[in-house]
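Right, one structure below, let's go through it.
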Amino acid sequence: MPEGHTIHRYAREHRRWLRGRAVEVSSPQGRFAAGAGLLDGRTLLAVDPYGKHLFYRWEGGAILHVHLGLYGGFRIFGTVRGEQGPIRGEQEPIDAQQPYAEVPPPTPGTRLQLGTSEVTIRLAGPTACELLDPDGEARIRARLGPDPLRRDADGEAVAAALRRRTTPIGAALLDQNVVAGIGNVFRAEALFVCGIAPLRPANLLDRDDFDRLWTTIRSMLAEGLRRGKIVTVEPADVGRRSRGRLRADQRHYVYRRAGLPCRRCATAVRAFELAARTAYACPTCQPQ
DNA sequence: GGGTGATGCTGAG
DNA sequence: TCAGCCTCACCCC
């Protein structure tokens with residue numbers, strides 16, 4: 001379930017468990033067998049997330065590039081505090097796991113497996129899992145806008161890119177050239193919180209609109225990274241006091257809530273196609 | 001247990 | 001613009 005916050009979270013975990021270690025690398029599925037063979041036994045030096053991309057830097061200069069696409073995901077299993085346990089990458093803190101009898105065999109779709117004496121990390125369903133040279137990485141990074149989760153993210157570059165575009169802001173936000181790491185959920189939720197209609201042309205956002213939007217995007221992604229999931233609804237806007245975890249449809253203002261009442265004004269949330277994905281908006285709270 | 005949709009992107013036409 | 005990629009969680013029966 002990868003938007004940028006998920007990628008940064010994976011990077012943080014993989015860094016924690018693999019950096020500085022000699023890693024057993026394999027491809028149970030076989031589709032990355034050659035690359036895995038080349039990396040097997042090497043020491044991992046760094047894991048760099050950028051937007052929705054992950055770059056793993058290995059001893060000897062090899063770069064492993066992973067892009068999860070729509071379906072891809074990592075799972076992590078391992079021995080923590082002396083117990084075998086599944087380590088769910090996304091939801092829980094990595095060291096708060098249930099005891100587990102043994103690491104299960106890889107699923108048939110496991111493209112990549114990274115192992116140490118402590119953990120087994122598995123990747124399935126990625127769009128990209130490939131070795132790159134520095135030029136290859138540079139080509140990818142050249143087509144990515146600023147990543148709001150990086151401390152050095154250049155908001156002015158994003159503002160300038162939006163001023164040059166007459167396409168709807170809801171399309172521009174999904175364009176990884178403009179800003180890297182936003183997906184369909186954050187598009188819907190950030191525009192709602194800022195009261196901006198997805199169809200408004202990007203170049204018609206005024207300075208206030210942009211500043212609010214950029215601040216919202218940065219804080220939403222940071223909160224997603226911190227919590228390990230996307231929860232955008234403020235407690236005051238949740239209908240009833242809910243104890244424990246929120247269901248998926250309780251975590252968002254408009255995303256996947258077509259036809260349901262807006263949490264702020266009760267107008268029915270509208271859904272429509274924008275940039276080949278379903279966009280969601282409240283026609284009252286997000287006037288054109 | 002089967003069907004379906006999903007937080008993404010590419011390349012052909 | 002749209003099919004294709006590729007896996008899995010979730011819904012419904």
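Just the heavy atoms: all of them, side chains too, but no hydrogens, waters or symmetry mates, feed the values below. A, B, ... follow the sequence lines: proteins, then strands. Residue 1 opens every chain. Remember, it's a predicted structure, so these values are computed and weren't measured experimentally.
Protein atom CD of A/Q29 is 14 Å distant from nucleotide atom P of C/dC5, rounded to whole Å. Taking atom CZ of residue A/R9 and atom C1' of nucleotide B/dT7, one finds them 15 Å apart after rounding to whole Å. One interatomic measurement links the two molecules: NZ of A/K52 to P of B/dA6, which rounds to 15 Å at whole-angstrom precision. The separation between A/R111 atom CZ and C/dC5 atom C1' is 10 Å, rounded to whole Å.
Between A/H14 and A/F74, the two ring planes are perpendicular [angle over 60°; tilted spans 30° to 60°].
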Report task. Represent DNA chain C in dot-bracket notation, 5' to 3'. Only Watson-Crick or G-U wobble pairs with both distances under 3.5 Å count; pseudoknot-style crossings use [ ] and interstrand partners use |. Result -> |||||.||||||.
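Of the candidates B/dC9, C/dC8, B/dT7, the closest approach to any side-chain atom of A/P2 belongs to B/dT7.
In this structure, the separation between CZ on A/R226 and NE2 on A/H5 is 12.5 Å, given to the nearest 0.5 Å.
A/E189 comes within 4.0 angstrom of nothing in the nucleic acid, heavy atoms only. Within 4.0 Å (heavy atoms only), A/R122 reaches no atom of the nucleic acid at all.
Looking at A/R141 and A/E137, a side-chain N of the basic residue comes within less than 4.0 Å of a carboxylate O on the acidic one, giving a salt bridge. Salt bridge present: A/R207 and A/D211 bring a charged side-chain N and a carboxylate O closer than 4.0 Å.
Listed by first then second residue, pairs satisfying salt bridge (Lys or Arg N to Asp or Glu O under 4.0 Å) with a partner in residues 174-185 of chain A read A/R165-A/D175, not counting sequence neighbours.
Remark: the separation of the P atoms in C/dA3 and B/dG5 is 15 Å, to the nearest Å. C/dC8 sits 22 Å from B/dT10 when the P atoms are compared, rounded to a whole Å.
Checked by atom type and distance alone, the side chain of A/R9 pairs as donor or acceptor with a backbone atom of A/L225 at under 3.5 Å.
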